[in-house]
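Structure, as structure tokens:
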Amino acid sequence: MAVITISRQYGCGGEYVAERVAEKLGFKFLHKELIRIASVLMSTDEEKLKQFDEEEFSTMRSFMSKYFDLGMFTEMLSKTDYSEKTAKEIAIQEAETFFDKYNPDTTAFDSDTFQAMIKKIIMKAADTTNAVIMGRGGVCILADVPDTLHFRLIAADDDRIRWVSARENISKKDAKERIEEVDKRKEKYFRHHFDKDINDQWMYHGTLNLSKLDIEEASLAITAIAKIKFKL
């Protein structure tokens, strides 16, 4: 089957490019659907899975998730007055109590389990259908799979700030901070799961600058390359 993976910087509009490429080629578009499918297969709430996704990834959360559900702290702290203790102290104490009572090996779900399921879904999709796959390390998961193309979409920081500010209705200062945060999370996600640098240009067949190309031009460029590569 023919598969295109698209990695994009947050705030460059890359998801719209990917969606148009899928439409133009008649391919299945897999983006948020990956989380929905994983939630069904793992019998886990979709919102819980999102905390392990690339834009929300945390190395500490990934490590801690192997042993217990961090959500229990949120609920506990919201209902109890600990005026003389910090949240960090509470978390440490609760963690120690947990380790005393439970065997960490019995936990059925964690960050790596989530990524393993995402990998299975992406591999299955690549084996059974023509698809455009957005993010989640598809470029690494399918690196050695024939009939694949990998693209990276980027844009200048100023353009990304304007995009995020307008789309999320926040100040440019907040947009800048959000972009920096998500960039770091995506880089950590890649490093943790694949031991790769998400910005490594050599992983991709091409990098398109959405400060120089609009969404339609970028989608047409990828579509044209795909038609040649896949002989469509």
Side-chain angles (χ1 to χ4, degrees), residues 1-41 49 53-55 57 114-156 159-160 163 182-183 186-187 189-232:
M1 308 307 294
V3 177
I4 301 170
T5 72
I6 294 182
S7 169
R8 93 291 194 197
Q9 288 184 321
Y10 178 72
C12 76
E15 59 268 37
Y16 298 104
V17 174
E19 190 171 19
R20 290 195 186 190
V21 170
E23 290 175 355
K24 293 177 187 299
L25 293 172
F27 284 16
K28 187 173 184 60
F29 180 47
L30 294 175
H31 179 22
K32 295 179 181 179
E33 291 79 5
L34 292 170
I35 305 300
R36 296 191 186 104
I37 295 169
S39 71
V40 172
L41 294 177
L49 290 184
D53 204 12
E54 55 187 356
E55 290 186 2
F57 182 80
F114 162 73
Q115 186 58 33
M117 179 57 71
I118 292 294
K119 179 179 179 180
K120 289 180 181 179
I121 295 169
I122 289 176
M123 292 293 291
K124 181 67 174 179
D127 190 49
T128 58
T129 187
N130 296 327
V132 175
I133 298 173
M134 172 67 75
R136 280 85 187 187
V139 60
C140 295
I141 294 170
L142 301 178
D144 299 321
V145 175
D147 293 326
T148 60
L149 282 170
H150 309 291
F151 292 95
R152 175 80 169 152
L153 304 179
I154 63 173
D159 291 331
R160 296 167 67 197
W163 176 280
V182 173
D183 281 352
K186 282 174 172 276
E187 288 169 5
Y189 178 94
F190 243 73
R191 189 69 67 184
H192 176 82
H193 290 299
F194 309 108
D195 195 25
K196 298 283 187 180
D197 179 0
I198 194 173
N199 298 304
D200 181 3
Q201 62 179 331
W202 300 108
M203 293 192 298
Y204 307 99
H205 289 86
T207 300
L208 282 72
N209 184 348
L210 293 177
S211 289
K212 302 293 186 181
L213 298 169
D214 65 27
I215 290 173
E216 181 65 12
E217 291 168 340
S219 63
L220 285 170
I222 295 175
T223 299
I225 294 172
K227 287 181 176 180
I228 295 171
K229 173 72 172 179
F230 303 137
K231 299 179 174 60
L232 299 175

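Worth saying up front: this structure is predicted, and the values here are computed from it rather than measured. Here, residue 1 is the first one in the sequence, and each next residue gets the next number. These numbers come from the heavy atoms of this one structure, side chains and all, not from hydrogens, waters or symmetry mates.
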- Would you say the side chain of Met203 lies within less than 4.5 Å of the side chain of Phe190, judging by non-hydrogen atoms? yes
- The single option from Arg191, Glu187, His193 passing side chain to side chain contact (heavy atoms under 4.5 Å, CB included) against Tyr189: His193
- If you round to the nearest 0.5 Å, how far is NZ of Lys229 from NE2 of His205? 5.0 Å
- Note on the structure: In short, Ile4 meets Ala226 closest at the heavy-atom pair CD1-CB, 3.7 Å
- Item | Minimum heavy-atom distance Ile141-Phe194, with the two atoms named | CG1-CE2, 3.8 Å
- Query: Between CG of Leu220 and CZ of Arg20, what distance do you get to the nearest 0.5 Å?
  - Reply: 9.0 Å
- For Ile198 and Arg152, what are the C-alpha separation, side-chain angles and deciding distance, and is it a side chain to side chain contact (heavy atoms under 4.5 Å, CB included)? CA-CA 9 Å; Ile198 194 173; Arg152 175 80 169 152; 3.8 Å; yes
- Going through the checks in order, is the side chain to side chain contact (heavy atoms under 4.5 Å, CB included) test met by Met123 and Leu142? CA-CA 7 Å; Met123 292 293 291; Leu142 301 178; 3.5 Å; yes
- Note on the structure: OH of Tyr204 to OG1 of Thr5, rounded to nearest 0.5 Å, is 7.5 Å
- One should read off an interatomic distance between Leu208 CG and Glu217 CD, to the nearest 0.5 angstrom, of 10.5 Å
- Query: Going by an N to O cut-off under 4.0 Å, is there a salt bridge joining Glu216 and Lys24?
  - Reply: yes
- Item | Atom of Arg136, atom of His31 and distance for their closest heavy-atom approach | NH1-ND1, 2.7 Å
- Message: Quick one, Asp183 and Arg160 - any side-chain contact, counting heavy atoms below 4.5 Å?
- Response: yes
- Item | Shortest non-hydrogen contact from Leu210 toward Ala218 | CD2-CB, 3.5 Å
- Task: Please answer whether the main-chain N or O of Phe27 pairs with a side-chain N or O of Asn130 as donor and acceptor at a distance below 3.5 Å.
- Result: no
- Query: Could you state the interatomic distance from CD1 (Ile121) to CG (Leu30), rounded to the nearest 0.5 Å?
  - Reply: 9.0 Å
- In short, Ala18 meets Phe29 closest at the heavy-atom pair CB-CE1, 3.5 Å
- Message: Run Leu25 and Leu232 through side chain to side chain contact (heavy atoms under 4.5 Å, CB included) and show every step you take.
- Response: CA-CA 9 Å; Leu25 293 172; Leu232 299 175; 3.9 Å; yes
- Item | Distance, nearest 0.5 Å, that separates OG1 of Thr129 from CG of Asp127 | 10.5 Å
- Item | Test item: Phe151 and Ile225 side chains (from C-beta on) under 4.5 Å apart, heavy atoms | yes
- Message: Which heavy atom of Ala156 sits nearest to which heavy atom of Ser211, and what is that distance?
- Response: N-OG, 2.8 Å
- Check the pair Ser7, His150 against side chain to side chain contact (heavy atoms under 4.5 Å, CB included), reporting the backbone distance first and the verdict last. CA-CA 8 Å; Ser7 169; His150 309 291; over 6 Å; no
